[in-house]
Amino acid sequence: MDPKLRRQLGRIVSWVLTFLLMMIICVPGLWVVLTAFRPNAEVLAKPAVWVPQVLSLNNFAKIFGFAQEVAIPVPAYFANSMIIALTSTAIALLIGMSGGYAFARYRFRFKDGLFLGLMLSRTVPGIALSLPLFMIWSRLGLIDTKPGLIIVYVAMNVPFTIWLIDGFFRQIPIELSEAAMVDGCTRWQAFWRIEFPLARSGIASAGIFAFLTSWNEYALASQLTRSTYSKTLPVGLMDFTSQFTIDWAGMSAMAVIIIIPALALTFIVQKHLIAGLTFGGVKG
Amino acid sequence: MAEIVLNKLVKNYGRTRAVHGIDLSIAHQEFVVLVGPSGCGKSTTLRMIAGLEEISDGTVSIGGAVVNELPPRKRNISMVFQNYALYPHMNVRENLGFGLKIAGQPAADIAQRVDEAAEILGLTELLERTPAELSGGQRQRVAMGRAIVRKPAAFLFDEPLSNLDAKLRGQMRAEIKKLHQSVRTTVVYVTHDQIEAMTLADRIVVMRAGRIEQVGTPMEVYNHPTSAFVATFIGSPPMNMLPGTISGGAVRLADGSALPVPERAADNAREGQEVLLGIRPDDISPVGHGLSQDGPGAELTLTVAIAEPLGMESLIFTRIAGQEVQAKLYGPRMVLPGEELVFRLALDRAHLFDAASGASLEAR
């Protein structure tokens, strides 16, 4: 075969394969988004209606209580999710930064054991802890409270944030903070002006991870929350299922609402992730 | 005035002692080089002066005040690191001005002093670049600029040139010397390179295994080493060491041949003492091709094993009494392996060391 033709054919095949792969990855998401804008009748129609005939914002209106049907308290769930995810992320980052810095910079007793212990704690599936957690939380009165869930998410995220941020601080030569201290910085200033900006991409990654974990978590939240006081969006999704029916369209609309902040955040922070620090301050 | 005084300075790492009670006074405006093989404690000593390493015992004084408990920023010093330690997220201007900015200087002053320092070091064109966009030599200059811009009482250099290639190292060495002559600040400079020590220092401090082996001007250390270690460490190629025994006023070598005891050690050499006869390669030369032709000497016929012509001189590897030695031939003359030449050993410039302790037997 003509080599030029063969190259062309190869390119076509690779495009087709890429397309198929992306289909597999994207179609479910796309389907959720489409469903969110379609009436339930069309969603449940048999035979299935593949190409949407009617697109409307009715499902969203319903969720937010602008329609006649009984509304699900989405704004409350949304607020709960935001407060819980942001607070637990902030705390996990703070602990992750201090812990990661300590593991990267200082030598102390039981350091390796402690680090290993932190990592091992990640190997326990969260759901396995749900029963003991439920019992302890109910004794402490933390069931159906935001702090209760925040504590759980901080505990889930801290090992990862420490591990990730530790790796980033390790890459920063210790001489940089030493130079800063000779230049007139206190230990604290050297950290904030030199080491923190250089580890920013790592801290941002850890932040995204922690936020998404808390934002999307369902299993434990479904056990530990009850009411609009603490229920998060993923748990709220179940409000669409009743004894005999499932409001697929409404559920999809809510799923879209869940996806949007996560997507937005990832886009905002992504800049810091790929900015990738151009090291060059020290000879490598 | 910024003299630096180390008093019985000790550094322990756990149970290992890295620095064994060092005493050293560095005068105001003096350029002192700490030199020694890796692991001799020279960098640790420097870092204790800088305040980056805790002092286990003893004291460091800068400008008359004990600074043991002061953090680095209060010691009025600046430091140039081996890997430059430039701040990667700042451009050259910000790197240079960082210390002044932290000190809360007005922006106009900072700009002026940064421009001055950049002028001195030829960095004016590079001020807006980031460290990643600079060559090794340029980074080194920025690191030096960051040190001088703050006008500290003393500069500390920690092997600043060891990451540069040979040619650049020579250039930067000259620049550091020039810099010291223009800014006249006390300098403590750590290196493992004896050439840097010889060329830069007002005084050299030779260190070994956490102790000071010898302190002196480059010429003192070169001409009157107090130990076999200093003798072989300072000078390139290193001093040849011929093991022998004192017998009948001569040094009897391994093969039974004898060389006269160098005059400067005659009083201290005991009969039967095991010694090392030290002769620099420059003092072993084929007759007619050496440095000094008068004064006491000994002539030996030796066979050339390897010759390395360097142009105006050649380095010759040969053997004396079974011991490999390096010799030097001055003049543009070709030497071939296997050639037999009559070498003259300038024994007036030879040294004698006790074989066991390594101490020089030179009368002082």
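No hydrogens, no waters, no symmetry mates; every other heavy atom, side chains included, goes into these values. Residue numbers begin at 1 in each chain, while the letters A, B, ... track the order of the sequences.
- Along residues 150-164 of chain A, no residue comes nearer than 4.5 angstrom to chain B, judged on non-hydrogen atoms.
- Around atom CD of B:Glu69, no more than 12 heavy atoms belonging to other residues, nucleotides or ligands sit under 6.0 Å away.
- Listed by chain and residue number, A:Ile259, A:Phe267 satisfy the side-chain contact (heavy atoms from CB on, under 4.5 Å) test with A:Leu263 (two or more places apart in sequence, or in another chain).
- By the side-chain contact (heavy atoms from CB on, under 4.5 Å) test, A:Leu120 pairs with A:Leu116, A:Thr123, sequence neighbours left out.
- Summarising the geometry, atom CG belonging to A:Leu198 is positioned 5.0 Å from atom NE2 belonging to B:His89; distances are rounded to the nearest 0.5 Å.
- More than 12 non-hydrogen atoms from other residues, nucleotides or ligands lie less than 6.0 angstrom from CZ of A:Phe108.
- Sparse packing is recorded around NZ of B:Lys101, with 12 or fewer heavy atoms of other residues, nucleotides or ligands lying under 6.0 Å away.
- The closest side-chain heavy-atom distance from A:Arg193 to B:Ile102 is below 4.5 Å.
- Within 6.0 Å of CD in B:Glu116 there are more than 12 heavy atoms belonging to other residues, nucleotides or ligands.
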Return a table of donor-acceptor pairs under 3.5 angstrom between the side chains of residues 177-185 of chain A and protein atoms on other chains or two or more places apart.
from, atom 1, to, atom 2, distance (Å)
A:Ser177, OG, A:Ile174, O, 3.1
A:Glu178, OE1, B:Arg47, NH1, 2.9
A:Glu178, OE2, B:Arg47, NH1, 3.3
A:Glu178, OE2, B:Arg47, NH2, 2.6
A:Asp183, OD1, B:Arg150, NH1, 3.2
A:Asp183, OD2, B:Tyr87, OH, 2.9

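- For the pairing with B:Pro88, the side-chain contact (heavy atoms from CB on, under 4.5 Å) check across A:Ile172, A:Ile194, A:Leu176 returns one residue only, A:Leu176.
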